[in-house]
Amino acid sequence: MNFFDEVAGTWHKTSRCDEAKVASLLAILQLKPGETVLDVGTGTGVMLPFIRERVGAHVPIVAVDSSEKMLREALVCCDDADVHFVKADVERERLAGRFDAILLYSVFPHFRYPVGTIFKLVTDNLHSDGRLLIAHAQGRQHLNAVHRRLSNRVFSRPLLPVVEQVEEFVRVGLAVQSFGESDESYYILVRRGGCCAGRSSQ
Ligand SMILES: C[S@@+](CC[C@H](N)C(=O)[O-])C[C@H]1O[C@@H](n2cnc3c(N)ncnc32)[C@H](O)[C@@H]1O
């Protein structure tokens, strides 16, 4: 069975969500009221209330995940008629629709084709001037150690130092607006049609 299907029932209990960290990561995306959001790798939907709080009521949010069981848990927890759940593997499938913002929270290391997948999401699914945020509320070394321990159960690639990952993105023509990593977090903000990478010490 797919690892995330296996753990879906207990994900809420086992994965801690630090609201202050999430808030500071989401601040980088600068969501505004009325903006549409695609939440990639939504899992049980932990980010949905945070997104809703920022974009306001009744604004459509699309939450996508490749795990049937994660989505089932998300449906049980989410009492929001304007969240649309989609089962899809974003690496293999093309998603419909364009959004003001795309969030990838705690999912990027599980991509087999990280650069191609981000390129596809940016070109196919962002409005011109939209933003895509890769975000983690833990540091790279901690995450890589966790993923090493789980390597016989779930596919993951080690996160690269953020500067190296940004270089890979820039090489294919992606516009990285800002990036940063610390012992506590990791993020890269990509803008469609933007320019200029600036590093943060966050
Ligand atoms: C570590 S969990 C994080 C879930 C959620 N974002 C959270 O923070 O609780 C990663 C999620 O990404 C999903 N996922 C992994 N690869 C995916 C892909 N290629 N397409 C869609 N979802 C994917 C998994 O099924 C899983 O639910």
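Note that ligands are numbered from 1 as they come in the structure, with each ligand's atoms numbered from 1 the same way. Just so it is clear, the structure is predicted and the values come from calculations on it, not from any experiment.
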At a 4.0 Å threshold, what atoms of ligand 1 neighbour a non-hydrogen atom of Met70? 27 (O)

Shortest protein heavy-atom distance from atom 7 (C) of ligand 1, along with the residue and atom involved: Val46 CG2, 3.3 Å

Note the single closest protein heavy atom to atom 4 (C) of ligand 1, along with its residue, its atom name and the distance in Å. Gly41 O, 3.3 Å

Ring-face cation contact, Phe155 with Arg112, 6.0 Å cut, 45° max: yes

If you count the atoms of ligand 1 from 1 in the order shown, which ones are under 4.0 Å from a heavy atom of Ala88? 20 (N), 21 (C)

Taking Arg98 for the side chain and Thr123 for the main chain, is one N or O donor matched with an acceptor at less than 3.5 Å? yes

Do you reckon Val7 sits in the same ILVMFWY cluster as Leu71, going by side-chain contacts under 4.5 Å, direct or chained? no

Can you find an N/O atom of Trp11 closer than 3.5 Å to an N/O atom of ligand 1? yes

Distance to 0.1 Å, residue and atom name: give those for the protein heavy atom nearest to atom 20 (N) of ligand 1. Val90 N, 3.0 Å

Are the aromatic rings of His110 and Phe4 close, with centres under 6.0 Å apart? yes

Pi-cation contact, Tyr113 with Arg92 (under 6.0 Å, within 45°): no

Ignoring hydrogens, just give me the one of Ala137, Ser66, Ser106 whose non-hydrogen atom is nearest atom 17 (C) of ligand 1. Ser66

Regarding ligand 1, does Phe111 bring an N or O atom to under 3.5 Å of one of the ligand's N or O atoms? no

Would you check, one step at a time, whether the test side-chain contact (heavy atoms from CB on, under 4.5 Å) holds for Val55 with Thr36? CA-CA 7 Å; Val55 300; Thr36 53; over 6 Å; no

I need the atoms of ligand 1 closer than 4.0 Å to a non-hydrogen atom of Ser67, numbered in the order shown. 25 (O)

Is the side chain of Lys21 donor-acceptor paired with the backbone N or O of Ala137 at a distance under 3.5 Å, no angle test? yes

Is it the side chain (CB and beyond), the backbone, both or neither of Thr42 that lies under 4.0 Å from ligand 1, heavy atoms counted? backbone

Does the pair Arg191/Asp129 count as a salt bridge with the N-to-O cut at 4.0 Å? yes

Between Asp65 and ligand 1, is there a nitrogen or oxygen pair with a distance under 3.5 Å? yes

Nearest non-hydrogen protein atom, atom 12 (O) of ligand 1: Val107 CG2, 3.3 Å

Selected option - heavy-atom contact closest to atom 24 (C) of ligand 1, from Tyr105, Phe155, Tyr113, Phe4: Phe4

What do you reckon, does Cys17 put a non-hydrogen atom under 4.0 Å from ligand 1? no

SB check Arg131 Glu35 (cutoff 4.0 Å): yes

With a 4.0 Å cut-off on heavy atoms, is Met47 touching ligand 1? no

To which protein heavy atom is atom 19 (N) of ligand 1 closest, and what is the distance rounded to 0.1 Å? Asp89 OD1, 2.8 Å

SB check Arg153 Glu6 (cutoff 4.0 Å): yes

